[in-house]
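Down below is the structure, laid out as structure tokens.
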Amino acid sequence: MTGAVIVAARRSAVVPRGGAFRGLEIHQLAAPVIADLLRDAGLAPADVDELILANALGAGGNPARVAALAAGLPQRVAGLGIDRQCCGGMDAVLLAEALIGAGRAQVVIAGGAESYSRRPLRLRTDPQGGPPAAYDQPPFTPWPDRDPGMAEAAEAVAAQLGISRARQDAWTIASHARALAARDRLRAEITAVAGVRDDPFARPMTPQLCARAKVLAGSVTAANTAAAADGAGFCLLVSDTVARRLATPRLRILSGATLGADPELPGLAPVPAIRAALADSGTSPGDLDAVALMEAFAVQAITCAGETGLPEARINTGGGALARGHPIGASGAIETVRLFHDLTRPGQRGLAAIAAAGGLGSALVLERL
């Protein structure tokens, strides 16, 4: 076994559906980010052994191969496309670490890219020969009565734990405020794509604005839910051997976990993954210097923080997905990129975590070397 470290991490801005990225395909979002990633590390495309790209809304095929070719990587880089919905981008990073750890690769780019704007329309054929029927959410369980919509599932968590709309809105307001305050420092991690250098969605939010938001399910509204969005994020992982010759930051993945939980309450799924990742790394919540916690719904973030004892003052100090948007397959990678840039001093530790439809949760712990 050999060690693996993250030596560079980049993302595009996150742009809500129909915005500045509306005409870009997945590979067009990914390629500029990959180019900057290699430039940051002082590596050439020819040094790359594999590209792992998560995507959840595309038409299948192998978007990783398309992105590898678009980014000018060698033709021998086959590209591996994965789909674990919202967890996919983070799981791609964990898979890259395992690939290097097994000695099968020395340099791997891992993350995700998603376009809500360009996603294909979904139709299901009628076995009786009738017209195809359109659908939006694919099945995440084999039981239709135990496969809720995501807003309904978030409301179920809010109702079960007594988390009010006012509390969800307060979390949302704080997320936007932190994103606006951090705009200048966030530019260090953002690759300009289509001329966009900042996350455009963050805005001064107030209780009055939140009160006017469309209700999606009970206390869950369009304000305290992350907007559907386009974006890409990637990390560059290398073996310890390669890292020794690079003048870059080095962050070790101390632990990682992807676990399944109740498919009817996906917002709770990161809780066991967070606990497992912390325990495996010998880290307590109080040891964390930074936390990148996915905010697909405010209630999900509130619950994961509360159930695991994460220090709220260190969560999403640059704002979260409520202030950016949610490019499904890329979001876990973007959380990892955020954590990479928040850990600036040797010895600092941080946690990133995310939930996915079907009752899935992923988490990882990083340490700056």
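Excluded from the calculations below are hydrogen atoms, water molecules and symmetry mates; all remaining heavy atoms, backbone and side chain alike, are included.
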Look at the side chain of [X] and the backbone N and O of [Y], then say whether any donor-acceptor pair between them is shorter than 3.5 Å.
| X | Y | answer |
| --- | --- | --- |
| Thr283 | Ala279 | no |
| Asn316 | Gly320 | no |
| Glu264 | Ala153 | no |
| Arg368 | Leu343 | yes |

With a 4.0 Å cut-off on N to O distance, would you call [X] and [Y] a salt bridge?
| X | Y | answer |
| --- | --- | --- |
| Arg76 | Glu50 | no |
| Arg11 | Asp199 | yes |
| Arg10 | Glu189 | no |
| Arg187 | Asp198 | yes |
| Arg244 | Asp240 | no |

Less than 3.5 Å apart, any donor N or O on the side chain of [X] or [Y] sitting next to an acceptor on the other?
| X | Y | answer |
| --- | --- | --- |
| Thr172 | Asn224 | no |
| Ser284 | Asp287 | yes |
| Ser175 | Glu295 | yes |
| Ser12 | Arg197 | no |

Can you name the nearest heavy-atom pair linking [X] to [Y], along with the distance?
| X | Y | value |
| --- | --- | --- |
| Pro327 | Ile334 | CG-CD1, 3.8 Å |
| Gly3 | Ile100 | O-CG2, 3.7 Å |
| Ala182 | Gly318 | CB-CA, 3.8 Å |
| Pro200 | Val14 | CD-O, 3.2 Å |
| Val337 | Phe234 | CG2-O, 3.7 Å |

Do the non-hydrogen side-chain atoms of [X] and [Y] ever get within less than 4.5 Å of each other?
| X | Y | answer |
| --- | --- | --- |
| Arg324 | Arg338 | yes |
| Val299 | Thr303 | yes |
| Leu94 | Ile253 | yes |
| Leu43 | Leu236 | yes |

Legend entry - Test side chain to side chain contact (heavy atoms under 4.5 Å, CB included) applied to Ser117 - qualifying residues, sequence neighbours left out: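 Side chain to side chain contact (heavy atoms under 4.5 Å, CB included) list for Ser117, sorted by chain: Arg17, Arg22, Ser115, Asp230.
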Less than 3.5 Å apart, which donor and acceptor atoms pair up between the side chains of residues 206-219 and the rest of the protein, not counting sequence neighbours?
unit_1	atom_1	unit_2	atom_2	d
Thr206	OG1	Gln208	N	3.4
Thr206	OG1	Gln208	OE1	3.4
Thr206	OG1	Leu209	N	3.1
Ser219	OG	Glu155	OE1	2.7
Ser219	OG	Gln168	NE2	2.8

Legend entry - Rounded distance (nearest 0.5 Å) linking atom CD1 of Ile109 with atom CG of Leu237: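 Interatomic distance, Ile109 CD1 to Leu237 CG, rounded to 0.5 Å: 10.0 Å.
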Inset, instruction - Check Gln348, Arg252, Arg250, Arg349 against Glu367 for a side chain to side chain donor-acceptor pair (under 3.5 Å) and give me the one that passes. - result: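 Result: among Gln348, Arg252, Arg250, Arg349, Arg349 is the only option passing the side chain to side chain donor-acceptor pair (under 3.5 Å) with Glu367.
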Inset, instruction - Would you please indicate yes or no on a ring centroid separation below 6.0 angstrom for His326 and Tyr116? - result: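 Judged by ring-centre distance (under 6.0 Å), Tyr116 and His326 do not meet the cut-off.
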Legend entry - same_hphob_cluster(Met90, Leu259) at 4.5 Å side-chain heavy-atom cutoff: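 The answer is no; the residues belong to distinct hydrophobic clusters.
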Legend entry - Given Cys304, Pro270, Cys87, the one that forms side chain to side chain contact (heavy atoms under 4.5 Å, CB included) with Ile354: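 When side chain to side chain contact (heavy atoms under 4.5 Å, CB included) is applied between Ile354 and each of Cys304, Pro270, Cys87, only Cys87 qualifies.
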Let me have the donor-acceptor pairs involving side chains of residues 27-38, under 3.5 Å, with sequence neighbours excluded, atom names and distances please.
unit_1	atom_1	unit_2	atom_2	d
Gln28	OE1	Glu25	N	2.7
Asp36	OD1	Arg39	NH1	2.2
Asp36	OD2	Thr191	OG1	2.8

